[in-house]
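What follows is a single structure, written as structure tokens, with notes after it.
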Amino acid sequence: MSEIAYVRGDATVPLGKGVKVIAHVCNDIGGWGKGFVLAISRRWPEPEAAYRAWHRERARNDFGLGAAQFVQVERYVWVANLVGQRGIRTGSKGVPVRYEAIDAALGLLAGKAAELGASVHMPRIGCGLAGGKWSRVEPLVMERLVKSGIAVTVYDHGG
């Protein structure tokens, strides 16, 4: 079984050949304006527009914790909006990350990546503003993606 590849760099500039899906975690309240989404929006307007429309029309679609939305941004590049955090603030119910929702969304991502024959590229999802721990997220990525034969690269920003 292969492992996750860890590299220094920008997940919005995914390495390698072939079709690539850039995965990141979104919240369930329609907020898009802090964290990794800003890097995505600097490169492509479509993921934010699609996410906002998906949230706005949530009464008529599958938007919610554990859902995934796939937006093609270039011929060989897709962005996966994974709804894996409840709200945006740490409060009495703890941090916003929802591991079970990330797990469910990763299952949907695995299906899409397999369908596209794509590799998956991501920052340490759920571990920034969502407040999650990579020690809890990494096993989900291994189980849902790596064990399914999908190549995964995790990007750590900075020098």
Side-chain angles (χ1 to χ4, degrees), residues 1-30 32 35-37 39-41 43-44 46-55 57-58 61-86 95-157:
M1 188 177 84
S2 57
E3 296 290 322
I4 296 170
Y6 289 91
V7 299
R8 285 228 172 268
D10 181 351
T12 68
V13 187
L15 303 169
K17 302 260 183 257
V19 180
K20 302 176 210 49
V21 179
I22 299 167
H24 70 105
V25 166
C26 308
N27 61 65
D28 66 347
I29 60 169
W32 181 294
F36 184 69
V37 297
I40 291 172
S41 290
R43 288 190 58 106
W44 309 284
E46 299 92 348
E48 178 180 358
Y51 169 80
R52 291 189 184 281
W54 189 31
H55 176 262
E57 293 160 23
R58 64 193 177 279
N61 64 38
D62 66 346
F63 183 91
L65 284 170
Q69 180 188 51
F70 303 98
V71 183
Q72 190 168 11
V73 293
E74 292 178 14
R75 184 169 176 192
Y76 298 109
V77 180
W78 294 69
V79 170
N81 294 330
L82 310 179
V83 184
Q85 72 179 73
R86 166 71 42 105
V95 294
V97 71
R98 293 295 178 267
Y99 297 108
E100 64 285 352
I102 290 174
D103 187 43
L106 286 171
L108 298 171
L109 172 58
K112 185 67 171 183
E115 173 192 318
L116 295 170
S119 55
V120 172
H121 303 260
M122 64 179 72
R124 292 183 188 235
I125 59 170
C127 298
L129 297 171
K133 296 192 178 345
W134 186 245
S135 61
R136 297 265 318 265
V137 176
E138 184 184 44
L140 304 177
V141 173
M142 291 295 295
E143 187 63 35
R144 294 293 190 158
L145 300 173
V146 177
K147 282 187 178 175
S148 298
I150 296 160
V152 176
T153 303
V154 171
Y155 296 76
D156 288 314
H157 212 84

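A quick note: this is a predicted structure, and the numbers were derived from the prediction, not measured.
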TODO: Please report the closest heavy-atom contact between Gln69 and Pro47, naming both atoms and the distance.
DONE: OE1-O, 4.5 Å

Open item on the list: Counting only heavy atoms from other residues, nucleotides and ligands, does the tally under 6.0 Å from CZ of Arg52 exceed 12?
Closed with: yes

Open item on the list: Angle between ring planes, His24 versus Trp32, binned at 30° and 60°: parallel, tilted or perpendicular?
Closed with: perpendicular

Open item on the list: Using every non-hydrogen atom in the two residues, find where Gly84 and Ala101 come nearest and quote the distance to one decimal.
Closed with: CA-CB, 4.0 Å

Task: Within-4.5 Å side-chain heavy-atom neighbours: Arg124 and Tyr6 - done: yes

Task: Where Val83 and Gly64 come nearest, the two heavy atoms and their spacing - done: CB-O, 3.2 Å

TODO: Using side chain to side chain contact (heavy atoms under 4.5 Å, CB included) as the criterion, point out the one residue from Val21, Leu82, Val141, Val25 that pairs with Met122.
DONE: Val141

Open item on the list: Tell me if a side-chain donor or acceptor on Lys112 pairs with a main-chain N or O of Ala110 at a distance below 3.5 Å.
Closed with: no

Open item on the list: Measuring from atom CD of Glu3 to atom CD of Glu138, what distance do you get when rounded to the nearest 0.5 angstrom?
Closed with: 8.0 Å

Task: Arg8/Asp156 salt bridge by N-O under 4.0 Å criterion - done: no

- [ ] First locate atom CG of Leu140, then atom CD of Glu100, and finally report the distance between them rounded to the nearest 0.5 Å.
- [x] 9.5 Å

TODO: State, yes or no, whether a side-chain contact exists between Leu129 and Pro96 at a heavy-atom distance under 4.5 Å.
DONE: no

Task: Beyond-backbone contact of Arg144 with Asp103, side-chain heavy atoms, under 4.5 angstrom - done: yes

Task: Straight-line distance of Leu116 CG to Leu109 CG, nearest 0.5 Å - done: 9.5 Å

TODO: State yes or no: are the ring centers of Trp54 and Phe63 separated by less than 6.0 Å?
DONE: yes

Open item on the list: Going by the rule side chain to side chain donor-acceptor pair (under 3.5 Å), which residues pair with His121 if we only count those two or more places apart in sequence or in a different chain?
Closed with: Ser119, Tyr155

Task: Heavy-atom donor-acceptor pair, Tyr51 side chain to Gly30 backbone, under 3.5 Å - done: yes

Task: Between CZ on residue Phe70 and CG on residue Leu108, distance to nearest 0.5 Å - done: 6.0 Å

TODO: Please report the shortest heavy-atom distance between Ala11 and Phe36, naming the atom on each side.
DONE: CB-CZ, 3.7 Å

Task: Main-chain N/O of Ala49 paired with Glu46 side-chain donor or acceptor, under 3.5 Å - done: no

Open item on the list: Does Ile125 form a side chain to side chain contact (heavy atoms under 4.5 Å, CB included) with Leu106? I'd like the steps, not just the answer.
Closed with: CA-CA 11 Å; Ile125 59 170; Leu106 286 171; 4.1 Å; yes

TODO: Enter the distance from Asn81:CG to His55:NE2 here, rounded to the nearest 0.5 Å.
DONE: 13.0 Å

Open item on the list: Please give me the minimum heavy-atom distance between Ala50 and Val71, naming the atom from each residue.
Closed with: CB-CG2, 3.6 Å

TODO: With rounding to the nearest 0.5 Å, note down the distance linking CZ in Arg43 to OG1 in Thr12.
DONE: 4.5 Å

TODO: Please examine the side chains of Trp44 and Ile22, heavy atoms only from C-beta on, and report whether any two atoms are closer than 4.5 Å.
DONE: yes

TODO: Taking all non-hydrogen atoms of both residues into account, name the closest pair between Val97 and Gly126 and its distance.
DONE: CG2-O, 3.7 Å

